[in-house]
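Predicted, not measured: the structure shown is a model, and the values here were computed from it. In what follows, every heavy atom counts, from backbone to side chain, and hydrogens, waters and symmetry copies are set aside. We number each residue from 1, following the sequence as shown.
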Amino acid sequence: MKRAIIYTRVSTVMQEETASLENQIKQCREFADKRGYKVLGVYSDVLSGTKDDRPNYLKVKELVEAKAFDTLIIYEVSRISRKNTELINFSELMKENGINFISVTESSFDTTTPEGALMTSIQFGMIQFERDNTVKRTTERLYYKASEGQWLGGAPPFGYKLIDKKLVIDDTKAGIVRSIFEKYLEGYSLRQICNDFNLVWGSSRVKRILENPTYAGYIRYGSRGKHKKMILVEGTHIPIISKDIFDDTQSLLGKKSRKYTHKTNRYLLTGMLKCKECGHNYIGLSGGSYNVVGYYSCHLKKLKNTDKPIYGGQDCHTGNIKQSILEEIVLEHLEKVVNSLKEIDDVIINRKKESGTNKGSYLIEIEKLKNKKDKLLELYLEEDLSKEIYKKRSNDVDAQIKMMERKIEEEERKENSLNKNLDIENRERIISYFNKINPKKITEANAILGLIIDRIEIYKPKTRRQDDFEIEIFLNIL
């Protein structure tokens, strides 16, 4: 018998309550019975057809890829998707895996017969043709808008805001954009820029800002995705940076041997330190003769007064911490944590073994008590025990069995609690990471520490000595 599954969908709960799903399923089942299909399952969603991540729709796709059935029966094609692109992709998926599909209410969609397969191919061909034309018209319209220097739509770049569909400078954020370009040309690395501005984006987004010609007053279209034609024209918006600065930045980004040498990171804890007073990053700096003495300082404290308005005029009154002191304290703390991990795991493993042994002995005792109860019953049936004595002794045995069962439950609760605290694989990974740390290889060691440490919060008032500060280390392990 041919195998089939049924897929139905409605957009809202209200539709479902009016029995729309029930009606679809009923008609699909009746159709399957007439055609001699064995229905393996029915999958339904109550979600919009514009959403491609419907749970049961995704399940149907998995079954198609697994070739778990022969034919998909649907009420109508729109139940699959309201988007032409998704309909085409789904039909290709079915075709690739040799799965037929039938629309109960649309005779032109039936791939189980040569005529139906031809009509289905024509129907989807028309959908594809219309889609391609729509893409072409949209692309031509966007190219025209770009050629006129107009913003093409979508979210504006960081540093701009949209007013009446036009790009307008956002004064607060534009200051950060200018500083990003300036610092990069001064030799700062992408990561250092993230740390200096307490940015949570990551280096890749900073790089995209540096590569975006919109900041220099241009409009670009067609440089990404499938479009091979790319245009770059002067826009109608006000630039945040000059064209010279943008050109110098692109030159620096593109050079293999750079004219400007980025500063080498010599601070082990870069990117992990947070100031408890203001919440900004602590950054590594150098001072003294020939700048050989390293120290960590709150980034906000080091900002120029002219730059502080970008951060809402906030100020910070913390002191500096000598690099060697802070890094030594952090590494010593981590070493203690790592050394204690094995001890903790050993204790938990031994306790689990002990709990397992106890459970085993309790189960054996329960079996003995059950056997005892069976013998009591035999004696009672053979009239060697009176009803009163049998009942009393039987109740005593039941009480003992319940006590053993409660002890087993208690051991299982202990085991569940121990399992929550036991993640040997994760801890072994942390130990392995820590053992690979070589403080002389700063960049590599910094990356490894970033896997172990979530953040380090520091509080160091100016009035205290260099070695007198509060530190709290948050790890990624427990």
Considering residues, nucleotides and ligands other than [X], do more than 12 of their heavy atoms fall under 6.0 Å from its [atom1]?
| X | atom1 | value |
| --- | --- | --- |
| Lys183 | NZ | yes |
| Lys95 | NZ | no |
| Leu363 | CG | yes |
| Phe474 | CZ | yes |

Quick one: does any side-chain atom of [X] pair with a main-chain N or O of [Y] as donor and acceptor, under 3.5 Å?
| X | Y | value |
| --- | --- | --- |
| Glu410 | Glu405 | no |
| Asn212 | Thr214 | yes |
| Asn320 | Ser297 | no |
| Arg178 | Ile240 | yes |
| Gln323 | Gly284 | no |

In plain terms, say whether Glu470 and Arg464 are close enough for a salt bridge, that is, a side-chain N and a carboxylate O under 4.0 Å apart.
yes

For Asp468 versus Lys460, what's the shortest heavy-atom pair and its separation?
O-CD, 3.3 Å

Which pair of non-hydrogen atoms, one from Lys243 and one from Ala216, has the smallest distance, and what is that distance?
NZ-O, 3.5 Å

Applying side-chain contact (heavy atoms from CB on, under 4.5 Å), can you list everything that pairs with Glu86, at least two apart in sequence or on another chain?
Asp52, Tyr57, Lys61, Ser81, Lys83, Asn89

Partner set under side-chain contact (heavy atoms from CB on, under 4.5 Å) for Val42, not counting sequence neighbours:
Ile6, Ile25, Arg29, Val39, Ser44

How long is the straight-line distance from CD1 of Ile456 back to NZ of Lys274, given to the nearest 0.5 Å?
12.0 Å

Pick from Lys59, Arg54, Arg79: which one makes a side chain to side chain donor-acceptor pair (under 3.5 Å) with Tyr7?
Arg54

Report yes or no: do Ser11 and Arg9 form a side-chain donor-acceptor pair below 3.5 Å?
yes

For Tyr296, ring pair (Phe, Tyr, Trp, His ring centres under 6.0 Å) partners two or more places apart:
Tyr267

